[in-house]
Protein chains: 2
Amino acid sequence: MKEVYLDNSATTRPLPEVVEYMTEVLTENYGNPSSLHNKGLAAERIMKRARKAIARKLGVNPGEVYFTSGGTESNNLAIKGVASTYKNRGRHLITSKVEHASVIDTFTALEEEGYEVTYLNTDKKGLISLDELANAIRPETTLVSLIHVNNELGSINPVEKIGPLIKNINRNTFFHVDGVQSFGKILLKPADWQIDLLTISAHKIHGPKGIGALYLKKGIELKPLLHGGGQEKGLRSGTENLPGIAGFIPAVESLPDFTSTSPRYEKLDRLRDYFLNRLKETLPETVINSPEEGAPHIISLSFPGLKGEILVHSLEGEGIYVSTRSACHSRNDQKSHVLKAINLPPEYIDGTIRISLSRFNKEEEIDYTIAKLAEQIKLFF
Amino acid sequence: MKEVYLDNSATTRPLPEVVEYMTEVLTENYGNPSSLHNKGLAAERIMKRARKAIARKLGVNPGEVYFTSGGTESNNLAIKGVASTYKNRGRHLITSKVEHASVIDTFTALEEEGYEVTYLNTDKKGLISLDELANAIRPETTLVSLIHVNNELGSINPVEKIGPLIKNINRNTFFHVDGVQSFGKILLKPADWQIDLLTISAHKIHGPKGIGALYLKKGIELKPLLHGGGQEKGLRSGTENLPGIAGFIPAVESLPDFTSTSPRYEKLDRLRDYFLNRLKETLPETVINSPEEGAPHIISLSFPGLKGEILVHSLEGEGIYVSTRSACHSRNDQKSHVLKAINLPPEYIDGTIRISLSRFNKEEEIDYTIAKLAEQIKLFF
């Protein structure tokens with residue numbers, strides 16, 4: 001087998017139709033969307049189509065979709081935006097200990113500016129306690145920001161319950177959800193679930209890198225991070241990344257329409273079940289960190305006594321691409337804050353790898369991966 | 001003639017080799033540059049090549065080049081970054097009245113946060129006075145930010161003199177230059193000219209939209225705007241826009257190497273001279289706002305009594321694309337702050353169009369444009 005890419009939570013391969021449309025737009029639609037002439041209008045038409053495609057998938061209005069340079073910018077914009085715009089209402093913010101770095105580090109930066117942040121604990125599955133959240137909300141709490149699907153574990157926070165819970169306690173508290181790993185994998189309906197702000201990213205759903213979006217519920221004001229030409233209704237200045245926005249369209253349109261009766265990507269679920277069953281047969285001692293009811297694409301495994309990094313490289317030698325944890329931190333030496341938060345013992349953390357599936361993976365790729373994994377594990381023990 | 005695109009200061013058409021390389025990278029190099037495995041390393045290799053190409057052209061070290069989502073982000077990062085990082089040294093900042101919106105509006109936002117900003121006047125050519133600048137610099141001035149080539153007029157601020165002048169008065173004052181319109185058009189050597197921070201953008205030099213860079217002189221600390229995974233040595237978190245960064249490479253490599261004996265894009269200079277000569281022959285009454293010694297690609301013209309917007313649309317009917325002014329503001333009704341700053345009378349401002357050339361424009365396109373312009377003007381008078 002030449003190549004088995006199982007690092008789809010880090011990034012995905014763009015769809016052929018994404019590449020094709022981007023190539024077309026780069027060549028033909030090179031106008032600046034803000035230009036008066038029809039090259040500008042043609043560019044703006046593409047942006048409208050992209051906004052519509054995303055809005056339809058989320059069940060929101062196209063006017064509530066704003067383009068950014070990616071998930072990190074959307075998370076920063078949402079969190080810093082709410083914190084600073086509403087600081088006269090209060091300076092207390094809530095998040096959890098298992099958030100993506102672009103959320104955690106943004107809150108840390110806000111603490112340095114004088115905000116008070118509550119970091120919620122999680123259980124062994126990486127899920128927050130609704131009671132702890134309820135107790136943490138105060139009159140001066142302006143924001144709760146939580147990850148929907150955890151990027152290292154696949155744990156799914158019940159954001160559909162959390163939205164109403166927050167609003168019942170304090171209707172002035174905004175709710176931001178980091179949906180980067182959940183969008184396109186499971187049902188996600190921000191408007192129905194009382195989510196006020198939602199982050200999504202194109203390159204996790206077979207779209208291009210460099211483009212993301214923020215859903216911002218109509219009526220909520222937000223101070224921008226970037227000032228300038230006033231693009232995106234003043235929320236995000238800067239000439240729009242038109243090829244990226246164009247590439248977002250086929251990626252979004254290729255996603256299934258989840259419903260309450262079919263809330264998960266079934267094909268991914270089947271692949272995950274197949275992986276886990278084969279794993280349990282072949283390597284029954286493997287520690288599975290991901291909760292059974294987790295997202296359909298993320299599988300965290302621990303091999304205590306082994307180094308995850310070494311396993312990543314030996315699998316790579318067989319053409320198999322996995323990761324130790326979130327890509328952006330995989331080259332620094334600190335232990336994963338997510339795995340620490342779920343109280344995984346240090347030797348388990350060190351021996352952790354993350355398998356993340358895409359709908360394009362095949363059962364024979366999984367067979368091959370399990371076989372090679374078993375070979376490697378035997379070499380070490 | 002089917003199409004004459006003369007709006008190259010708004011944005012340019014990506015080179016075929018830019019599109020080709022982006023297509024290749026989108027298809028083959030889809031790894032996350034932060035990933036441990038060789039797909040990550042392959043992606044990082046592309047980033048290194050891009051950094052090197054830009055550094056070579058600017059005469060700086062590759063480690064001093066940071067990627068951003070574009071000129072607007074680079075300007076925001078530079079200005080807010082210096083202002084906030086060094087606020088204990090002082091809260092006085094200097095810029096001019098003819099800056100791009102992403103500079104002016106960033107300073108306005110900083111004023112609201114308690115910074116004091118001096119907005120330098122300009123002469124009729126759009127140039128600041130070195131004396132006025134010298135007098136404005138105080139012990140507590142942490143930043144001077146100036147545009148190199150003005151995007152509406154083409155005026156060239158002598159930044160090579162301004163850097164040393166600033167440092168002579170206050171060596172703790174940082175100097176940021178918005179080089180979006182000058183990079184690739186005229187000589188630009190930040191390290192030689194005591195420029196500490198420099199903004200450039202890919203889509204103005206036939207690269208893709210959605211990618212820009214900031215030159216940051218080694219040793220200068222800067223608080224990031226975006227927190228998260230710590231990419232770009234912590235200065236700019238977020239999964240890197242790899243296709244955009246890849247597309248930057250052929251765009252930069254296709255630029256000439258300017259030297260002190262050949263400091264301007266000669267081909268553009270010849271096209272500009274050709275345009276101006278043909279214009280003076282055919283429409284001798286035209287008011288030319290751009291200084292004679294301005295940039296080789298920007299020509300601002302006024303036809304008092306006429307509406308620039310109407311002229312843009314009637315030329316568009318002939319397949320000719322020009323603008324009234326900077327793209328990002330072309331759809332709002334306020335008069336250009338640049339043209340107001342140079343004291344252009346209101347009826348001249350209303351009757352202004354901007355022609356901006358690319359090296360791919362041809363003399364026959366200019367002949368055609370002048371002929372159609374003359375036809376239109378005659379219709380109106």
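- Contact of A/Glu20 with chain B is not made at all, since no heavy-atom distance falls under 4.5 Å.
- Comment: B/Lys2 does not engage B/Glu318 in a salt bridge, judged by the lack of any side-chain N to carboxylate O separation of less than 4.0 angstrom.
- Counting heavy-atom pairs under 4.5 Å between each of A/Lys39, A/Glu316, A/Arg13 and chain B puts A/Arg13 at the top.
- Of the N and O atoms on the side chains of A/Thr12 and A/Arg359, not one donor lies less than 3.5 Å from an acceptor on the other residue.
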Can you list the steps and then say if B/Gln231 with B/Tyr66 is a side chain to side chain donor-acceptor pair (under 3.5 Å)?
CA-CA 10 Å; B/Gln231 288 89 347; B/Tyr66 298 83; over 6 Å; no
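- Neither the backbone nor the side chain of A/Lys223 comes within less than 4.5 Å of any heavy atom in chain B.
- Aromatic ring pairs are classed by plane angle as parallel below 30°, tilted from 30° to 60° and perpendicular above 60°; the pair B/Tyr321 and B/Tyr5 is tilted.
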Output, in order, the C-alpha distance, side-chain angles, deciding distance and verdict of side chain to side chain donor-acceptor pair (under 3.5 Å) for B/Arg236 and A/Ser69.
CA-CA 11 Å; B/Arg236 206 289 183 182; A/Ser69 66; 2.8 Å; yes
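- Defined by atom type and a distance below 3.5 Å, a donor-acceptor pair is missing between the side-chain atoms of A/Asp178 and A/Thr199.
- A/Lys204 and A/Thr11 share no donor-acceptor pair across their side chains, judged by distance under 3.5 Å alone.
- Only the side chain of A/Asn76 comes within less than 4.5 Å of a heavy atom of chain B; its backbone N, CA, C and O stay farther away.
- Under the 3.5 Å distance criterion, with hydrogens and angles disregarded, a donor-acceptor pair is assigned to the side chains of A/Asp7 and B/His37.
- Looking at A/Ser201, there are no atoms closer than 4.5 Å to chain B (heavy atoms on both sides), in backbone or side chain.
- Contact count versus chain A (heavy atoms, under 4.5 Å) is highest, among B/Leu77, B/Leu225, B/Leu242, B/Ile79, for B/Leu225.
- Heavy atoms of A/Val18 lying under 4.5 Å from chain B are absent altogether.
- Taking B/Thr27, B/Asn38, B/Thr23 one by one and counting their heavy-atom pairs under 4.5 Å with chain A, the maximum is reached by B/Asn38.
- Among B/Pro16, B/Gly31, B/Gly70, the residue with the largest count of heavy-atom pairs under 4.5 Å with chain A is B/Gly31.
- Between chain B and the options A/Gly212, A/Gly244, A/Ser102, the largest number of non-hydrogen pairs under 4.5 Å is found for A/Ser102.
- With chain A as the partner, the residue from B/His227, B/His203, B/Glu73, B/Met22 showing the most heavy-atom pairs under 4.5 Å is B/His227.
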